[in-house]
Student: 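Mind looking over this structure? Questions follow.
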Amino acid sequence: MSKPVPMPYSETNDDLHNLRKPKPFHFGKFLYNSKEGTVMGRDRASWAKIGIFYIVFYGVLAALVAICMWAFFQTLDPRIPKWTLDSSIIGTNPGLGFRPLPPVDNVESTLIWYKGTQHENYKHWTDSLDEFLAVYKVPGLTPGRGQNIYNCDYNQPPPKGQVCDVDIKAWSPCTKENNYSYHKSSPCIFLKLNKIYDWLPEFYNSSQNLPGNMPESLKTYIGHVEKTEPHKLNTIWVSCEGENPADQENIGPVNYLPIRGFPGYFYPYQNSEGYLSPLVAVHFQRPKRGIIINVECKAWARNIGHDRKERIGSVHYELLID
């Protein structure tokens with residue numbers, strides 16, 4: 001019998017296990033290995049190359065963005081919108097706004113509600129008007145308003161670079177000193193036409209061919225102005241009426257101050273320094289108390305349309321005086 005041939009040397013199972021066993025991971029050594037001089041597995045030269053790459057990459061990116069923004073702003077004028085009138089989102093039909101507004105916690109409401117004899121009850125409304133009208137009373141509150149104020153009139157429009165003054169004394173009795181007549185249960189509501197750059201009104205400056213849906217009281221007023229002060233016909237007229245027959249009975253007489261509309265010499269609006277929109281104070285002299293009165297005010301010009309749902313050319317609010 002032949003002798004068995006001795007097998008070559010081979011590793012034992014323990015040796016194989018030791019060889020295949022992964023080396024333990026040391027997080028601290030991964031962050032910084034003092035023996036190899038690496039940080040997070042990379043040496044300083046590698047990190048330096050990465051840092052230089054990202055500095056150059058983001059620097060070039062920032063420069064490109066800055067160049068694009070600079071080129072974009074070169075096409076804009078700080079005072080003149082890039083898109084105006086028909087080419088703008090606003091369009092050419094201005095809206096109408098009113099003041100004072102309800103408290104901010106009831107921002108969606110359009111109800112002006114108070115008790116006429118209680119100062120604390122109507123204080124919110126008079127304080128809101130004080131805040132809104134402050135820029136009209138103190139010229140310094142409006143940037144650029146000062147030396148460029150001009151006393152305009154229908155035959156005396158403002159020179160270039162100047163803006164028309166707004167005579168706050170002409171609003172009497174709708175003044176702060178008189179609590180805007182809220183304490184007498186005959187409140188004043190201020191109307192303001194929204195600003196549209198370069199928009200020019202097309203006036204109803206004749207008592208002929210007035211629209212059929214214009215209130216008769218306004219038609220009569222325009223006819224009176226035509227006879228007595230024809231130079232004031234270039235006005236955007238204003239009307240405030242009860243929305244429904246019951247509201248029309250309860251609203252009582254209404255007075256408009258200083259005139260029944262926005263004077264034409266305030267237009268076109270061209271974003272001049274210190275410009276303030278003209279206001280109309282609507283004085284409800286004897287509204288019926290204890291009942292909600294729905295009021296709709298409209299601005300009238302040939303190029304102003306009215307849409308209650310879209311809130312253009314008119315504004316709606318309610319009065320309730322306990």
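Since the structure is predicted, the reported quantities are computational estimates derived from the model, not experimental observations.
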Student: Could you label the plane-to-plane angle of the Phe266 and Tyr275 rings as parallel, tilted or perpendicular, counting under 30° as parallel and over 60° as perpendicular?
Tutor: perpendicular
Student: Could you check Tyr182 against Tyr114 for ring-ring contact (aromatic ring centres under 6.0 Å, His included), going step by step and ending with a plain yes or no?
Tutor: CA-CA 9 Å; Tyr182 277 70; Tyr114 72 99; 5.2 Å; yes
Student: Is the number of heavy atoms from other residues, nucleotides or ligands within 6.0 Å of CG (Asn213) greater than 12?
Tutor: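 Yes - once you tally the heavy atoms of other residues, nucleotides and ligands closer than 6.0 Å, there are more than 12.
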Student: Got a second to check how far Phe98's CZ is from Ile112's CD1, nearest 0.5 Å?
Tutor: 5.0 Å
Student: Measure the spacing between CH2 of Trp237 and CG of Asn205 and express it to the nearest 0.5 Å.
Tutor: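 Here the rounded value is 9.0 Å.
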Student: Filter on salt bridge (Lys or Arg N to Asp or Glu O under 4.0 Å), then keep only pairs touching residues 90-114, sequence neighbours left out; what's left?
Tutor: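 As it turns out, there is no salt bridge (Lys or Arg N to Asp or Glu O under 4.0 Å) pair with a partner in residues 90-114 once direct neighbours are skipped.
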Student: Which atom pairs, donor and acceptor, lie under 3.5 Å between side-chain atoms of residues 170-179 and protein residues at least two apart or in another chain?
Tutor:
{"unit_1": "Asn178", "atom_1": "ND2", "unit_2": "Pro173", "atom_2": "O", "d": "2.9"}

Student: Hydrophobic cluster membership, with links at side-chain heavy-atom distances under 4.5 Å among I/L/V/M/F/W/Y: are Phe132 and Leu257 in one?
Tutor: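 Different hydrophobic clusters.
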Student: I need the full list of disulfide bond (SG atoms under 2.5 Å apart) pairs touching residues 201-250, with sequence neighbours left out, sorted by first then second residue.
Tutor: Cys240-Cys297
Student: With sequence neighbours excluded, tell me which residues meet side chain to side chain donor-acceptor pair (under 3.5 Å) with Asp127.
Tutor: Lys123
Student: If you look only at distance, which donor and acceptor atoms sit under 3.5 Å apart when one is on a side chain in residues 155-166 and the other is two or more places apart or in another chain?
Tutor:
{"unit_1": "Gln156", "atom_1": "NE2", "unit_2": "Tyr150", "atom_2": "OH", "d": "3.3"}
{"unit_1": "Gln156", "atom_1": "NE2", "unit_2": "Asn151", "atom_2": "O", "d": "3.0"}
{"unit_1": "Asp165", "atom_1": "OD1", "unit_2": "Arg145", "atom_2": "NH2", "d": "3.3"}

Student: Counting neighbours of NZ on Lys219 that are heavy atoms of other residues, nucleotides or ligands and sit closer than 6.0 Å, is the number greater than 12?
Tutor: yes
Student: Which pair of heavy atoms, one from Leu101 and one from Trp125, lies closest together, and at what distance?
Tutor: O-CZ3, 3.5 Å
Student: Measuring from atom CD1 of Ile236 to atom CH2 of Trp300, what distance do you get when rounded to the nearest 0.5 angstrom?
Tutor: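 Nearest 0.5 Å value for the CD1-CH2 distance: 13.5 Å.
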Student: Any side-chain heavy atom of Asp198 sitting closer than 4.5 Å to one from Leu200?
Tutor: no
Student: Apply side chain to side chain donor-acceptor pair (under 3.5 Å) to Asn244 and list each qualifying residue two or more places apart in sequence or on a separate chain.
Tutor: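 Per chain and number, Asn244 pairs via side chain to side chain donor-acceptor pair (under 3.5 Å) with Asp247.
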Student: So which residues get pulled into Leu111's cluster when ILVMFWY side chains under 4.5 Å apart are joined, directly or through others?
Tutor: Trp113, Ile292, Leu320
Student: Mind telling me whether Phe53 and Phe57 have parallel, tilted or perpendicular rings, with 30° and 60° as the class edges?
Tutor: parallel
Student: Tell me every residue that passes side chain to side chain donor-acceptor pair (under 3.5 Å) with Tyr265, counting only those two or more places apart in sequence or in another chain.
Tutor: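 Per chain and number, Tyr265 pairs via side chain to side chain donor-acceptor pair (under 3.5 Å) with no residue.
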Student: Passes side chain to side chain donor-acceptor pair (under 3.5 Å), Gln285 versus Ser186? Steps please.
Tutor: CA-CA 5 Å; Gln285 297 176 312; Ser186 55; over 6 Å; no
Student: To the closest 0.5 Å, what do you measure between NE2 (His316) and CG (Leu96)?
Tutor: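 Reported value, rounded in 0.5 Å steps: 13.5 Å.
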Student: Can you list everything that forms a ring pair (Phe, Tyr, Trp, His ring centres under 6.0 Å) with Tyr122? Sequence neighbours excluded, please.
Tutor: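 If we apply the ring pair (Phe, Tyr, Trp, His ring centres under 6.0 Å) test to Tyr122, skipping adjacent residues, the hits are His119.
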Student: List in chain and number order the residues that pass salt bridge (Lys or Arg N to Asp or Glu O under 4.0 Å) with Glu296, two or more places apart in sequence or in another chain; answer none if no residue qualifies.
Tutor: Arg308
Student: Please say whether more than 12 non-hydrogen atoms of neighbouring residues, nucleotides or ligands are located less than 6.0 Å from CZ in Arg286.
Tutor: no
Student: Could you pull out all residues at least two apart from Glu229 that satisfy salt bridge (Lys or Arg N to Asp or Glu O under 4.0 Å)?
Tutor: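 Salt bridge (Lys or Arg N to Asp or Glu O under 4.0 Å) list for Glu229, sorted by chain: Lys232.
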Student: Does Tyr267 reach the side chain of Phe262, with side-chain heavy atoms less than 4.5 Å apart?
Tutor: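 Yes; the side chains approach each other to less than 4.5 Å.
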Student: Which atom names give the shortest non-hydrogen contact between Pro258 and Leu279, and what distance separates them?
Tutor: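 Nearest heavy atoms, Pro258 then Leu279: CD-O, 4.1 Å.
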Student: Which residues pass the side chain to side chain donor-acceptor pair (under 3.5 Å) test with His224, not counting sequence neighbours?
Tutor: none
Student: If you count heavy atoms of other groups shown closer than 6.0 angstrom to CD of Gln118, is the number above 12?
Tutor: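 More than 12 within 6.0 Å, yes.
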